[in-house]
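Note that ligands are numbered from 1 as they come in the structure, with each ligand's atoms numbered from 1 the same way. No hydrogens, no waters, no symmetry mates; every other heavy atom, side chains included, goes into these values.
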Amino acid sequence: MARRVCIFGGSFDPIHLAHIHMAEAAIEQFSLDDVVFMPTGTSYHKGHASASAEDRNAVIRLAIAGRPHMSISTLDQSRGGDTYTADTLAIIRAKHPDEEIYFLLGADSLMHMQSWYRPDMIFASAAIIVVQRPGVNPDECRAHAKELEKQFPAARILFLDSVFEDISSTRIRELAWMYVSTGKKSFLQELSALVTPEAADYIVSRRLYADEDAWTEAEILDDLKEKLSEERYAHTLGVADTAEALAENYGAPAKQARIAGVLHDCGKFLKGDEYIRRAQMADIELSEAELANSALIHAKLGAYYAKERYHIRDEDILSAIRSHTTGHPDMTLLEEIIYVADYIEPNRDEAPNLEVYRKSAYENLGKTVMMIANDVLEHLKRKGSTIDDLTRETWLWYREHYGDPVTEK
Ligand code: FE
Ligand code: FE
């Protein structure tokens, strides 16, 4: 019996488990001897950097290692320039006249295959195996296949029975970068589950998809040194150090906490109504308390600048910046860390009970949030300031979950 070989082309930037599962299903259903992954020479996409051909190939090799009936070909890459499927398949056909050649194709591509370069050549060289895609109606797709078979007598179009989950390469590249920039394990775990642990290790250790736009800590600090007052800058460093120490204490990603600390007051360099004006320019919704006391706005504005100016994509960091002044009920660990670090960092000296909180922060973080929220609220009442609803809600939630500071103290 002739060997059955299926070509699977794509940019594979990077290859992921949906690709592997498609290959497995095709091997099973059509008794294929080999699925050949054939990565393109160049890869273009928006947002994150693309990986070089060498790196994409290395990830493919890791992902298919130990899987029988799968291999890689660099034919398209070695030919250079723009390559047409029709030419690629004709070359393979000519080299392997005794093999049955198949070509794996997404249903969305099949729908406009008649506009490809030389579909007649493609059909003459290979049978097509179509993979169902979530966005393509299967009936329309089969009807279109019938038409192509009518138009091109050599066409043989087969369908994979299984339907595959959509894995987003964009999400993979994002995860790779977020892990490299924060060290947060859950990002690596999610990445490993999408591309195999071996491929994930390669991707992060080689810093593939690193976002060259995102600022490093040193760059952010240089920038803030220009913008913030000397006092505010010293406070920023104090919060970063304290947040890092708290993160280590609670087993949270220290680098992530540090960056959140560095950036938590990055929006605090304006005066009076300038906060309101900038917030309106950025389409940020403001509460009544924020309109009455515009300095409060620096938290939301800071999250905005962290994203837009410093290119921080990690939503955990952004939300910790956003909520550091008012807090909110049931905060995440990182949010609690920044909320507490902001209050207890070593440059602070006027608030009451600081020494108590500097100790309790490492023993019971939630309770420390509750005690700080209590002090903040009392302080605001004494001053007669407008109190943000969230400030009160934070206090209520933490008091309910961590006890009453009056009886506990
Ligand atoms: Fe602040
Ligand atoms: Fe602060």
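The pair Lys359-Glu363 counts as a salt bridge, with a side-chain nitrogen and a carboxylate oxygen less than 4.0 angstrom apart.
Judged purely by distance below 3.5 Å, without hydrogens or angles, the side chains of Tyr398 and Glu393 never pair a donor atom with an acceptor atom. Checking Glu345 against His235 by side-chain atom types alone, a donor-acceptor pair falls below 3.5 Å.
Within the protein, the number of N/O/S atoms found under 2.8 Å from the Fe ion (ligand 2) is 4.
Taking the Fe ion (ligand 1) as reference, the nearest N/O/S atom within His298 carries the name NE2.
Side-chain atoms of Glu219 come within 3.5 Å of backbone atoms of Thr216 as a donor-acceptor pair (strictly under, hydrogens ignored).
Between Trp177 and Tyr209, the distance from one ring center to the other does not fall under 6.0 angstrom.
Geometrically, Arg392 does not engage Trp395 in a cation-pi contact, judged by NZ or CZ lying under 6.0 Å from the ring centre and within 45° of the ring axis.
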